[in-house]
Amino acid sequence: MSRQVVITGIGPLTPFTAESVELWELIRSAETQHLTVDADCRVSDGNIVLPSPQLRQMDRLGRLALTAAESAIHDAHLSLATLDPEEVGIALGSGYGCLSTNADYLEGIRDRGPRRGNPTVFQNTVTNAATGYLSIAKDIRGPNATMCSGWTAGLEALDFGFYQIAAGRVETMIVGSADQLFPTLLDGFQTRGHLSASRRPRPYDRERDGMVLSEGSCFLVLEELEHAKRRNARIYAEVAAVGHRSTVKGDASYALSEAVLLALREADGSPEDVDVIVSGASGTASDRWEGHAMASTLGPRVDEVPMLFPKAALGETMATAGPLAVALAAMALYNGKVPAVQSPAMHDPECRLRIRATAADSAPELALVPLIDDHGNAAAAVLRRYE
Amino acid sequence: MKRTRVVVTGMGILSSNASSVSEYADALRAGRSGIRDITQFDTAFPFKLGGEVEVDDADSGLDRVSQLAANAARQALADSALDTADGWREETGLCIGTSRGPAISLERLLGSTCEVTNKTLFEEIPFHSIARNVGRILGLSGPMTTVTMACVSSSLAIGQAFDAIRRGRANVMLAGGADSLTNLSFSGFSLLRAMTRSVCRPFDARRDGIILGEGSGILVLEELEHARARGARIYAEIGGWGTAGDAHHATSPSPDGRGLTLAMRTALRQSELMPEEIEHVNLHGTGTATNDASESQAMHRVFGSRASEIPVNSLKPMIGHTLGAAGVLELAGTILSMHGGFVAPTLNTEELDPACDLNVVRGESLELPFRTLLSTKSAFGGANVAIAARSYGAPSTAVSMIQRSN
């Protein structure tokens with residue numbers, strides 16, 4: 001496959017950001033990289049776009065996704081109306097998808113009986129309803145896919161889009177992810193003891209006490225390189241490869257190492273080439289699996305490669321975390337710098353990493369985005385600076 | 001560069017009319033329906049028919065949808081004899097498609113106050129629990145992924161698994177899907193007035209809706225040389241697949257069948273098959289007014305005047321609409337038909353709707369040797385997937401491919 005795939009638009013909808021420039025500003029300063037919250041991290045309703053009357057039945061997941069997709073398309077200065085709709089595709093990843101809407105429907109028929117359910121709610125009880133609404137709103141008629149492999153689903157959507165373009169099926173893909181908070185989810189993670197009591201996510205810190213659950217949606221505009229050049233698009237970075245592996249064991253470090261090596265191999269790169277890592281660590285016990293995988297794949301160099309910790313600033317956005325991390329990696333490559341981070345107050349020797357606080361202004365060439373979840377999924381994206 | 005070829009070397013089937021591959025092939029040839037009164041739950045509607053499956057209790061701790069998938073996956077492994085080879089666990093991946101997923105666990109969780117039970121149920125409710133559970137049961141360590149796209153979920157899963165092999169990421173993929181009958185689906189489709197009040201009769205002028213079913217199908221997809229090296233039995237070759245969106249309506253297909261048309265053309269192009277080479281099309285054929293007419297439009301756009309000649313069918317009157325499992329169960333059934341040299345009948349369909357100007361096989365099976373097929377499915381959200389397959393080593397196909405290369 002000789003066709004190159006580039007990122008030309010970023011739409012990061014989180015409780016703290018709605019546009020690409022806001023995401024970069026948030027991460028650019030070490031002072032704003034660490035989140036402390038006293039309430040659930042939810043996207044304000046005021047920041048979610050109102051769909052057209054034709055699509056007013058959209059549920060919240062769809063509205064989050066539509067808002068982020070519109071932000072990405074706007075960021076790319078892309079006029080979809082000028083493109084052949086069959087040459088544009090869409091892919092959405094979501095860890096929990098429509099479960100919130102399913103819970104709404106099930107609670108309705110539990111209270112009122114199966115003959116008194118709400119059919120408008122029912123039509124949103126498939127996760128791909130969100131993908132469908134986006135395709136209608138933007139007249140996207142090409143490849144259409146919805147992934148739900150846990151929290152790596154967003155990176156799988158990226159991989160799907162990457163392959164559709166690389167294999168020559170279409171020129172443009174709108175890819176991303178969305179996940180939302182709902183009571184069953186918060187109760188479940190609380191019961192499992194995964195939520196931070198201090199309400200402060202501290203990746204790789206020995207005193208870390210869990211994640212801060214958040215929500216949002218992040219979309220990316222992917223284009224075939226020549227297509228992007230023809231319209232003088234701003235090119236953030238090239239997507240070089242996305243790897244995915246999994247395990248049925250608790251320790252995901254080996255699966256993540258495999259995913260990283262697969263992605264590097266398909267990107268014609270090697271561990272020595274990695275200039276920046278945008279970490280998926282969230283401040284839970286699982287951080288050590290990522291640490292082990294980075295140490296085993298990068299070797300002694302691992303402590304020299306600068307890392308970014310988006311979940312320290314944004315919370316755990318579930319499947320949205322992957323595309324958000326890719327967005328940050330793309331912006332670091334585009335801006336030619338990696339912001340300084342706050343190093344952990346106390347390093348955790350079990351994580352096998354020593355995080356340094358220094359910024360890197362040395363024009364990184366290759367970025368690695370590793371990601372694991374508690375279901376045994378592991379994925380890695382490799383991005384390359386576009387010359 | 002030599003193109004990687006992908007073949008089907010095993011199948012596992014659990015449907016309302018069969019609990020094995022051979023039973024399924026026999027049932028399809030005989031036109032045997034599995035539709036009867038649902039017993040798992042009170043539908044609360046006067047209409048209680050559905051395609052319910054009998055599943056053993058080997059995995060009784062899991063959500064029903066995982067039990068269905070695990071049963072089919074075990075069958076598929078045994079059918080392929082893959083598990084007799086060294087290292088198969090490391091190089092075998094899994095891709096599962098589901099629409100409703102573990103909806104039964106979610107319903108139980110919402111009604112439970114027991115903390116211990118809730119912890120278990122919380123582990124089950126993500127869609128990905130199906131692939132995770134099946135992976136654990138089989139001890140797989142290849143890539144495991146889950147997709148969800150309503151009624152085309154398992155078709156997308158097969159497409160993704162096909163691509164994984166084409167990309168050299170796996171030599172063997174278990175691919176398919178599962179969905180169980182649920183209160184959620186029965187209530188929702190009834191209230192949308194999508195359910196029949198009598199029988200499911202696709203393409204018939206009197207059709208009035210779907211009948212629900214449940215089940216699971218798993219295919220073993222394998223890279224051709226890998227399959228040949230181990231002497232595997234080859235059911236068929238998957239030529240290619242296509243996916244496309246209607247961009248039309250949340251629940252209704254585009255009346256002109258534009259998304260399905262593009263999906264079919266993509267599958268044909270990828271398979272290096274011309275429309276005139278396709279000998280049988282297994283359609284989605286839900287029995288709703290809008291779906292069947294839209295499919296007919298797509299058939300005419302792709303096949304022109306041949307659209308009313310190619311034998312087509314729908315298997316849903318026999319097994320019900322199994323939602324996320326429909327794609328794999330109906331593709332598997334069509335591949336089995338190709339092996340047996342017949343086209344399964346579309347039960348209950350008698351008087352064709354003029355808006356469905358198609359050669360619908362009705363009544364009894366049509367004895368017909370064929371070597372190429374398309375299986376198409378469509379879904380809520382305007383998603384469409386088409387998969388093209390051919391018999392392995394079919395002379396007509398071989399000739400046409402040689403001619404093209406010259």
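Each chain gets a letter, A, B and so on, in the order its sequence line appears, and its residues count up from 1. These numbers were taken from a predicted model, which means no experiment stands behind them.
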Between [X] and [Y], which heavy-atom pair has the shortest distance, and what is it?
X	Y	value
B:T145	A:E156	CG2-OE1, 3.0 Å
B:L184	A:F122	O-CE1, 3.3 Å
B:T148	A:C148	CG2-SG, 3.5 Å
A:V248	B:G135	CG1-C, 3.5 Å
A:T146	B:M149	N-SD, 3.6 Å
B:A247	A:S135	CB-O, 3.3 Å

Please classify the contact of [X] with chain A as side chain, backbone, both or neither, using a heavy-atom distance under 4.5 Å.
X	value
B:L110	both
B:L156	side chain
B:L140	backbone
B:A131	neither
B:A103	backbone
B:F189	both
B:S153	neither

Quick one: does [X]'s side chain have a donor or acceptor within less than 3.5 Å of a partner on [Y]'s backbone?
X	Y	value
B:R100	A:T125	yes
A:R245	B:M144	no
B:T243	A:N144	yes
A:N102	B:L106	no
A:S149	B:H128	no

**Asked** Under 4.0 Å between a Lys/Arg side-chain N and an Asp/Glu carboxylate O for B:K119 and A:D187?
**Response**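 Between A:D187 and B:K119 there is no salt bridge, as every charged N stays at least 4.0 Å from the carboxylate O atoms.
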**Asked** Can A:D374 and B:R132 be counted as an ion pair, charged N to O under 4.0 angstrom?
**Response**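 The answer is no: the pair does not qualify as a salt bridge.
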**Request:** Kindly determine whether A:T127 and B:F127 satisfy side chain to side chain contact (heavy atoms under 4.5 Å, CB included), including the steps that lead there.
**Result:** CA-CA 10 Å; A:T127 301; B:F127 293 92; 3.7 Å; yes
**Residue-level contacts of residues 176-185 of chain A with chain B, using a heavy-atom cutoff under 4.5 Å** =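 Expected list: A:T184, A:L185.
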Would you give the length of the straight line joining atom [atom1] of [X] to atom [atom2] of [Y], rounded to the nearest 0.5 angstrom?
X	Y	atom1	atom2	result
A:L262	B:R169	CG	CZ	5.0 Å
B:T43	A:R115	OG1	CZ	8.5 Å
B:E90	A:E258	CD	CD	10.5 Å
A:I140	B:D246	CD1	CG	13.5 Å
A:R110	B:N183	CZ	CG	12.0 Å
A:R141	B:T261	CZ	OG1	11.5 Å

**Request:** Name the option with the most non-hydrogen atom pairs under 4.5 Å to chain B; the candidates are A:L99, A:I109, A:T247.
**Result:**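 Of A:L99, A:I109, A:T247, A:L99 has the most heavy-atom pairs under 4.5 Å with chain B.
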**Prompt:** Looking at A:A378, A:P119, A:G150, which makes the most heavy-atom pairs under 4.5 Å with chain B?
**Reply:**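 Ranked by contacts with chain B, first place is A:P119.
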Between [X] and chain B, with a heavy-atom cut-off of 4.5 Å, which part of the residue counts as in contact: side chain, backbone, both or neither?
X	value
A:D139	both
A:R169	side chain
A:E266	side chain
A:Q123	both
A:Y96	both

So which of [options] has the largest heavy-atom pair count under 4.5 angstrom toward chain A?
options	value
B:L192, B:L191, B:T182, B:I96	B:L191
B:N384, B:T146, B:D42	B:T146
B:T251, B:N118, B:I125, B:L109	B:I125

**Request:** Evaluate the side chain to side chain contact (heavy atoms under 4.5 Å, CB included) criterion for residues B:Q160 and A:Y163: first the C-alpha distance (whole Å), next the side-chain angles of each, then the deciding distance (0.1 Å), finally the verdict.
**Result:** CA-CA 11 Å; B:Q160 282 285 85; A:Y163 187 62; over 6 Å; no
**Prompt:** For the residue pair A:F189 and B:F122, does the interplanar ring angle fall in the parallel (under 30°), tilted (30 to 60°) or perpendicular (over 60°) class?
**Reply:**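 Plane angle over 60°, so perpendicular.
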Are more than 12 heavy atoms from other residues, nucleotides or ligands located less than 6.0 Å from atom [atom1] of [X]?
X	atom1	answer
B:K48	NZ	yes
B:R108	CZ	no
A:R192	CZ	yes

**Message:** Less than 3.5 Å apart, any donor N or O on the side chain of B:S187 or A:Y105 sitting next to an acceptor on the other?
**Reply:**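 The criterion, which ignores hydrogens and geometry beyond distance, is satisfied for A:Y105 and B:S187.
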